[in-house]
Amino acid sequence: MLNTLKPQPADKILELMALYREDPRDTKIDLGVGVYKDASGNTPIMRAVKAAEKQLWADETTKSYTALSGDPAFGAAMKSLVLADSVDHARVSAIATPGGTGAIRQAFELMKLANPEGTVWTSNPTWPNHLSILKFMGMNNKEYAYFDAATCTVDFDAMMDSLKGVQAGDLVLLHGCCHNPTGANLTLDQFGAVADLLVAKGAIALVDIAYQGFGDGLEEDAAATRLLATKLPEMLIAASCSKNFGIYRERAGCLMAMSETADNTAVTQGTLNFLNRQNYSFPPDHGARLVTMILNDETLKADWMAELEEVRLGMLGLRTQLADELRKQTNSDRFDFVAQHRGMFSRIGATPEEVMQIRKDFGIYMVGDSRLNIAGLNANTVPLLATAVANTCK
């Protein structure tokens, strides 16, 4: 059997990480991998997570399974974090998943079960793993226009024109905040217009919210998802705790499914449980339990929110510094959009050839489409990146 296997294409980001490790230059900078780093280049464990782990070590009495959906308290905590009181929680089913990727995969599995001939619409561009998973599952996929490469902003008119092709029962994948890979977000009014179009078309939104708290604030970053919840009869939400809780390796994610009425919730919840059983059975609990403990303890939650805000403001400061430095070095406002983008990523508009040149000449590693991780910078390396871009991107 194994002799029949063919080599699979390498993941571009993982390949980039390997190239970075092999580069002997002391001045090299890694802006490729999508992991938050502090000014020292470390991915720290948040204070509230450390405190919760100590408490869990002292109090935990069993390592037995929780439930196919995970601990119900985790689902309840995530509903409150993402949706607040925008919708009756009795309409919302939830399962714990191995990270946000697991939530996306289970959302696609739910779509395939409910409407196997339907199409999943993704933004152009989107997180590459969205497309990879859809292709692997053999699902129908179409792209809608999103990013204007010339201005590095959202082309909303083109987006709405693309979505006119959506059919009833299709799934439209939207980034809840901090669009990956571009950093360019819809406004709240634009999200409202998209919601109205989906209602008219009879389509369903799948919101991928992986960076809540990294953009404009914990509540502000959830505003679009909550607005959609008030307008749409049904919706899926794939939420990740990797970034905002800094628990990447614990793989804590959640898939929520909002039914039209609470009468549908039992069947929807049972179906989600069934999908978990067919895939990985009982989901991992450690990361999810830490999140639950933090969100349900006023002291831990306050400390987590304070540290998350420090992280957010730090990234915004780097964005402003980079935009200012690029303005100074290029004597133009060409890169001012960097300060307006949100989250860890921006696509700066360099060609693949220019990205390669920057890597060769300056030892700065970013993805070939010019996506860079703002959190991979610090105050000292921002001028180095600006110099590289200014001297390469003519």
Side-chain angles (χ1 to χ4, degrees), residues 34-36 78-84 86-87 99-101 103-104 107 122-127 129-130 144 146-147 152-156 159 172-195 198 205-232 235-246 248 252-256 258 291 295 304-305 307-319 337-347 371-375:
V35 174
Y36 171 76
M78 291 302 292
K79 291 177 195 178
S80 295
L81 178 66
V82 177
L83 291 167
S86 61
V87 63
T101 305
I104 290 291
T122 52
S123 64
N124 181 16
T126 192
W127 181 45
N129 214 24
H130 288 151
Y144 59 85
Y146 186 82
F147 191 63
C152 293
T153 58
V154 175
D155 189 342
F156 186 65
M159 175 182 176
V172 178
L173 198 160
L174 302 166
H175 296 229
C177 64
C178 306
H179 186 273
N180 181 5
T182 70
N185 295 327
L186 298 175
T187 67
L188 208 54
D189 286 343
Q190 289 170 338
F191 268 110
V194 171
L198 296 185
L206 164 58
V207 178
D208 184 353
I209 184 164
Y211 301 95
Q212 186 181 352
F214 268 34
D216 291 311
L218 202 57
E219 298 300 306
E220 292 84 350
D221 290 347
T225 304
R226 295 170 186 176
L227 176 65
L228 292 169
T230 65
K231 285 178 166 282
L232 300 175
M235 182 169 68
L236 305 180
I237 304 167
S240 171
C241 301
S242 294
K243 284 78 177 178
N244 52 9
F245 286 88
Y248 298 86
C254 181
L255 174 63
M256 290 167 266
M258 185 184 79
V291 169
L295 293 179
W304 167 67
M305 290 174 64
E307 188 168 4
L308 180 60
E309 184 67 0
E310 292 170 10
V311 167
R312 185 184 76 85
L313 292 176
M315 287 190 290
L316 282 181
L318 289 170
R319 285 191 174 281
F337 62 82
V338 171
Q340 305 305 317
H341 287 175
R342 288 295 182 267
M344 287 202 301
F345 305 116
S346 274
R347 183 183 276 191
R371 187 202 81 168
L372 58 86
N373 179 6
I374 292 291

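Predicted model, so just to flag it, every value in this text is computed and none were measured. What's counted below: heavy atoms across the whole structure, side chains too, no hydrogens, waters or symmetry copies.
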- [ ] Kindly write out the residues that satisfy salt bridge (Lys or Arg N to Asp or Glu O under 4.0 Å) with R371, not counting sequence neighbours, or none if the list is empty.
- [x] none
Task: Rounded distance (nearest 0.5 Å) linking atom CG of L255 with atom CE of M78 - done: 11.0 Å
- [ ] Would you sort out whether D189 and F156 count as a side chain to side chain contact (heavy atoms under 4.5 Å, CB included), showing the intermediate values?
- [x] CA-CA 11 Å; D189 286 343; F156 186 65; over 6 Å; no
Open item on the list: I'd like to check the side-chain contact (heavy atoms from CB on, under 4.5 Å) partners of A210; sequence neighbours left out, ordered by chain and number.
Closed with: D208, S240
Open item on the list: Once side-chain contact (heavy atoms from CB on, under 4.5 Å) is applied, do any residues pair with A195, and if so which ones, sequence neighbours excluded?
Closed with: L228, K231, L232
Task: Heavy-atom donor-acceptor pair, D216 side chain to D221 backbone, under 3.5 Å - done: no
TODO: Could you pull out all residues at least two apart from T153 that satisfy side-chain hydrogen bond (donor to acceptor under 3.5 Å, both in side chains)?
DONE: T151
- [ ] Taking ring-ring contact (aromatic ring centres under 6.0 Å, His included) as the test, write out the residues that go with Y144, two or more places apart.
- [x] none
Open item on the list: Determine whether S346 and R319 satisfy the following criterion, side chain to side chain contact (heavy atoms under 4.5 Å, CB included), listing intermediate values before the conclusion.
Closed with: CA-CA 9 Å; S346 274; R319 285 191 174 281; 2.6 Å; yes
Task: N/O donor-acceptor pair under 3.5 Å between Q190 side chain and V154 backbone - done: no
Task: Side chain N244, main chain F214, donor-acceptor under 3.5 Å - done: no
- [ ] Give the minimum heavy-atom separation between L227 and T230, together with the two atoms involved.
- [x] O-OG1, 2.6 Å
Open item on the list: Once salt bridge (Lys or Arg N to Asp or Glu O under 4.0 Å) is applied, do any residues pair with K79, and if so which ones, sequence neighbours excluded?
Closed with: none
Open item on the list: Which heavy atom of L173 sits nearest to which heavy atom of H130, and what is that distance?
Closed with: CD2-CE1, 3.7 Å
Task: Heavy-atom closest pair, residues G215 and R342 - done: O-CD, 3.6 Å
TODO: First locate atom CG of L186, then atom NE2 of H175, and finally report the distance between them rounded to the nearest 0.5 Å.
DONE: 10.0 Å
Task: Donor-acceptor pair, side chain of N373 and main chain of G34, under 3.5 angstrom - done: no
Task: Considering all heavy atoms, the nearest L81-Q212 contact - done: O-NE2, 3.0 Å
TODO: Taking all non-hydrogen atoms of both residues into account, name the closest pair between F345 and P181 and its distance.
DONE: CB-O, 3.6 Å
Open item on the list: Checking R312 now: which residues fulfil salt bridge (Lys or Arg N to Asp or Glu O under 4.0 Å) with it, not counting sequence neighbours?
Closed with: E309
Open item on the list: With heavy-atom distances below 4.5 Å as the criterion, would you say the side chains of Y36 and M344 are in contact?
Closed with: yes
Open item on the list: Can you give me the closest heavy-atom contact between N185 and C178, atom names plus distance?
Closed with: OD1-N, 3.1 Å
Open item on the list: So, using side-chain hydrogen bond (donor to acceptor under 3.5 Å, both in side chains) as the criterion, who are the partners of E219 when residues are at least two apart?
Closed with: R226
TODO: Could you check C152 against Q340 for side chain to side chain contact (heavy atoms under 4.5 Å, CB included), going step by step and ending with a plain yes or no?
DONE: CA-CA 10 Å; C152 293; Q340 305 305 317; over 6 Å; no
- [ ] Using the test ring-ring contact (aromatic ring centres under 6.0 Å, His included), find all partners of Y146 that sit at least two apart in sequence or belong to another chain.
- [x] H179
Open item on the list: Could you measure the distance from the CG atom of L174 to the OG1 atom of T122? Nearest 0.5 Å is fine.
Closed with: 10.5 Å
Task: Partner set under side-chain hydrogen bond (donor to acceptor under 3.5 Å, both in side chains) for N124, not counting sequence neighbours - done: none
Task: Results of side-chain hydrogen bond (donor to acceptor under 3.5 Å, both in side chains) for E220 - residues two or more places apart only - done: none
Open item on the list: Quick one: does any side-chain atom of H341 pair with a main-chain N or O of T182 as donor and acceptor, under 3.5 Å?
Closed with: yes
TODO: Find out whether I237 and M258 are in side-chain contact, i.e. whether some heavy atom of one side chain is under 4.5 Å from a heavy atom of the other.
DONE: no
Open item on the list: Going by ring-ring contact (aromatic ring centres under 6.0 Å, His included), name the residues that satisfy it together with F245, two or more places apart in sequence or in a different chain.
Closed with: W304
